[in-house]
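Worth knowing before you read on, the calculation uses all heavy atoms, side chains too, and leaves out hydrogens, waters and symmetry mates. Being a predicted model, the structure only gives us computed values, none of them experimental. To find a chain, count down the sequence lines: A is the first, B the second, and so on, and within it residues start at 1.
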There are 4 protein chains.
Amino acid sequence: MNHQMREDIINATIDLISKHGFHRAPMAKIAQRANVAAGTIYRFFDSKDDLIGNAYTCLEQRMRSAVLDTFPEYQSIRNRYQHVCRELVNYFLASPTEFRFIEQFFNSPYGATTRRERIRCDNSIISEIFLEGIQQRVVKNLPLPILNSLTFGPLTEICRNHVLKYFELNDHVINSTVEACWDAIRQQ
Amino acid sequence: MNHQMREDIINATIDLISKHGFHRAPMAKIAQRANVAAGTIYRFFDSKDDLIGNAYTCLEQRMRSAVLDTFPEYQSIRNRYQHVCRELVNYFLASPTEFRFIEQFFNSPYGATTRRERIRCDNSIISEIFLEGIQQRVVKNLPLPILNSLTFGPLTEICRNHVLKYFELNDHVINSTVEACWDAIRQQ
Amino acid sequence: MNHQMREDIINATIDLISKHGFHRAPMAKIAQRANVAAGTIYRFFDSKDDLIGNAYTCLEQRMRSAVLDTFPEYQSIRNRYQHVCRELVNYFLASPTEFRFIEQFFNSPYGATTRRERIRCDNSIISEIFLEGIQQRVVKNLPLPILNSLTFGPLTEICRNHVLKYFELNDHVINSTVEACWDAIRQQ
Amino acid sequence: MNHQMREDIINATIDLISKHGFHRAPMAKIAQRANVAAGTIYRFFDSKDDLIGNAYTCLEQRMRSAVLDTFPEYQSIRNRYQHVCRELVNYFLASPTEFRFIEQFFNSPYGATTRRERIRCDNSIISEIFLEGIQQRVVKNLPLPILNSLTFGPLTEICRNHVLKYFELNDHVINSTVEACWDAIRQQ
DNA sequence: GATGAATGAGAATTCATTCAT
DNA sequence: TATGAATGAATTCTCATTCAT
């Protein structure tokens, strides 16, 4: 198994699909952009659907790394929370193509069977923050999916607006938004 | 122009696309489900893309009505805000198919050129609430797109989780979430 | 039978087909240009093919009139010959649309079963000229179809070049060409 | 690129179109007759229009070869003229299908932008004959397009009549016609 | 008679996948 | 193992024709 080839195919897939959608990203073009033959894709993936699924899984890994690599394990709940939020936004802004792919994937039938939390951040980490916060009465006692939504819902939204050039973000605005997310979930 | 037919076609489109995605919703199947001939669709719409765009526009209208028909014009900012939030969630939960279509549309290249705010709520209404709130120092002085994201980001998310059966909503949870959104945007 | 309507439909047919070809001249557009409903065409013609055939027959009549209305019955063979030639060219140049239709018709499977002579000129007239000419040893003793081709072949060609704007005709050039055609058929 | 396949597709195209017209020669049938899959055609040609255009260009080449391969470069103007005429007629009679295609092409909107001279004979050769003839006062001093029409107009016509079985040609008649064409253009 | 909306068979074209080299 | 030409089912769209009004 040539791992570089696999990587190239996945990157080509993300590129084309994020730009043109699942349809209008023909295998032939994916192959071309990846500098492999069309048939070669099928040595790595069973079908186009399989390729799409694997492209997503691959992105999941990348995001997890981005967010967790610099995770400050021993800081306050608030700090850990804000770290995750900021790193996520930074990752998305640095990788607009991947961001578009992920959003498309999640909101299509392909991703309908995937919980959003999985990709956003390793469950154990963000859940741990929430659970610890609830226990310490720093965070509202709400179901985890709700806390997740209150956090990642707005962050994803502002990234979309920025990536699609509707509203440009900067550090100040990002910080304000993260702060507002924290206001949403913290015990008042 | 037979308006019932047009409506039927749009509903069939929303139905099939929300379930199977833009591809895998062939015109032939749309026609079949709408009980019209394949060619008939083209009397009302120029192309599949045009049909999809119009289906979205139609949903926009329906949502606007749902949210605005019972709008309490003369109540407090907080009450008006919470009204919009709750009606939106109610509408989405009552129309899961339409919700899925909208999410797919927005996150695909089709909807990339459409600002999300448009559909979520008539701009003038929600913007008015925010602007009035900022003026009265009840709402944080943040750019409108950020306030929008802090509001509709979480709401869309919890609807998605409910519609996809990951986390069941009830009035209590919805109220808590709306309250948390308010906490996110209100002046602390 | 509303004759004006029939005429309008035929004119619309000639117009559209001469410009866009047999395909790309849909019945709906023909109807539109003729200011009648699509279904109305079928009160006058059995099918599109029938319409095309009748459009041709109609043109045949028009041409015949154009050439014969001023026919100088009692002049010399040469004069009568040159009259027919010139009138034909004049008619074609004055009616480029009809010319294009006829050419298309004749060279398509539609017209494959139609002898060209029919339309070019009433058989009896031109044949009479040729036969008389042969008898008087003024015209070469060649089969009539050959004499026809030597006459109408070049004339059609120069009309095509003019109509398609490849080579502009004027009276002088037309006269020279007619003269040359006469040289081709006359006994040397 | 499999050149045999390309050739097969072009031949199938010429075959079907010459018999049934541009419409009524669906890509599916062309593919079938060429013993290739429908999609294969699109590896060689962008569209049906492109295929038709290329089929014509291919015929142009074939005709040119037919006429020029045996061209007697150092003979008299009259001999060279008559050679071109006869070879052209011979080629058409030997290839009635190709002849029908060419005629249809030229007289349809497809070929409206193509000067007829191009296909009939390599311009430089026939033009050279005419120009030389004019200079030597052997040929009438008429514009080249007119000389072209006086020559190829009748020849095409008699071929049409033969191919469509209205009037059977033989060497004697062909020679007489070529002679008559020469009479048309030669200085009297 | 006239209409034109509706039909649906048929056309061009695309593209996931296969397989001989 | 990698290729990419070839496949043909599936898709979008067109348009001659019908028929209820």
Side-chain angles (χ1 to χ4, degrees), chain A residues 1-2 5 9 22-32 34-52, chain B residues 1-6 9 22-32 34-51, chain C residues 1-2 5 9 22-32 34-52, chain D residues 1-2 4-6 9 22-32 34-52:
Chain A
M1 278 297 194
N2 183 336
M5 228 171 208
I9 293 167
F22 294 116
H23 56 315
R24 300 199 194 153
M27 295 297 260
K29 269 191 194 159
I30 290 173
Q32 197 176 20
N35 284 316
V36 300
T40 304
I41 298 179
Y42 291 85
R43 295 209 63 74
F44 296 93
F45 307 100
D46 286 348
S47 66
K48 192 178 183 183
D49 280 19
D50 184 44
L51 166 60
I52 289 170
Chain B
M1 276 295 193
N2 183 336
H3 261 272
Q4 184 53 52
M5 226 168 207
R6 198 188 129 98
I9 293 167
F22 292 114
H23 57 319
R24 306 214 187 139
M27 295 300 258
K29 270 190 194 157
I30 291 173
Q32 198 174 20
N35 283 315
V36 300
T40 302
I41 297 179
Y42 293 86
R43 290 201 56 71
F44 298 93
F45 308 99
D46 285 348
S47 64
K48 192 178 182 182
D49 279 19
D50 185 45
L51 167 59
Chain C
M1 276 297 196
N2 185 334
M5 228 170 207
I9 293 167
F22 294 115
H23 55 317
R24 301 201 192 152
M27 294 298 259
K29 270 191 193 158
I30 290 173
Q32 198 176 20
N35 283 316
V36 300
T40 303
I41 297 179
Y42 291 86
R43 294 210 64 74
F44 297 92
F45 308 99
D46 287 347
S47 65
K48 192 178 183 182
D49 279 18
D50 184 45
L51 167 59
I52 289 170
Chain D
M1 276 297 194
N2 184 336
Q4 185 53 53
M5 226 168 208
R6 198 188 127 99
I9 293 167
F22 292 114
H23 58 318
R24 309 223 182 130
M27 294 300 258
K29 271 191 194 157
I30 290 173
Q32 197 174 21
N35 282 317
V36 300
T40 302
I41 297 179
Y42 292 86
R43 290 201 57 71
F44 298 93
F45 308 99
D46 285 348
S47 64
K48 192 178 181 182
D49 279 18
D50 185 45
L51 168 58
I52 288 170

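Rounded to the nearest 0.5 angstrom, D:I52 CD1 and D:F45 CZ are separated by 11.0 Å. Atom CG of D:D50 is separated from atom OG of D:S47 by 5.0 Å, given to the nearest 0.5 angstrom. Atom NZ in A:K29 sits 8.5 Å away from atom CD in A:Q32 (nearest 0.5 Å). Note that CE of D:M5 is 10.5 Å distant from CD1 of D:I41, once rounded to the nearest 0.5 Å. To the nearest 0.5 Å, the span separating CZ on C:R43 from CG on C:N2 amounts to 11.5 Å. A distance of 9.5 Å separates CZ of C:F22 from CG of C:D49, quoted to the nearest 0.5 Å.
Scored by the side-chain contact (heavy atoms from CB on, under 4.5 Å) test, A:A34 finds A:D8, A:I9, A:A12, A:V36 as partners (sequence neighbours excluded).
One can place CZ of B:F45 at 13 Å from P of F:dC13, the figure rounded to the nearest angstrom. Residue A:F44 contributes atom CZ, which lies 13 Å from atom C1' of F:dT3 at whole-angstrom precision. Between B:I30 atom CD1 and F:dT11 atom P the separation is 11 Å, expressed in whole Å. Distance, D:I41 CD1 to F:dA9 C1': 15 Å, rounded to whole Å. A straight line from CD1 of D:I9 to C1' of F:dA6 spans 11 Å, rounded to a whole angstrom. Distance, C:D50 CG to F:dA16 P: 14 Å, rounded to whole Å.
OP1 or OP2 of E:dG1 has not a single side-chain nitrogen or oxygen of C:N2 nearer than 4.0 Å.
Contact of the B:Y42 side chain with the B:M27 side chain is registered, since non-hydrogen atoms from C-beta on lie closer than 4.5 Å.
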Does the protein touch nucleotides 11-18 of chain E at the base, only the backbone, or not at all? Give it as B, S and - per nucleotide, heavy atoms under 4.0 Å. SSBBSSBB
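Residues D:N35 and A:A37 each lie close to DNA chain F; by heavy-atom proximity, the contact nearer the 5' end of the strand is made by A:A37.
Both key distances under 3.5 Å define a Watson-Crick or G-U pair, and stretches of 3 or more such consecutive pairs in DNA chain E run E:2-21 with F:2-21.
The B:R43 side chain lies nearest to E:dA6 when the options are E:dA6, E:dT3, F:dG4.
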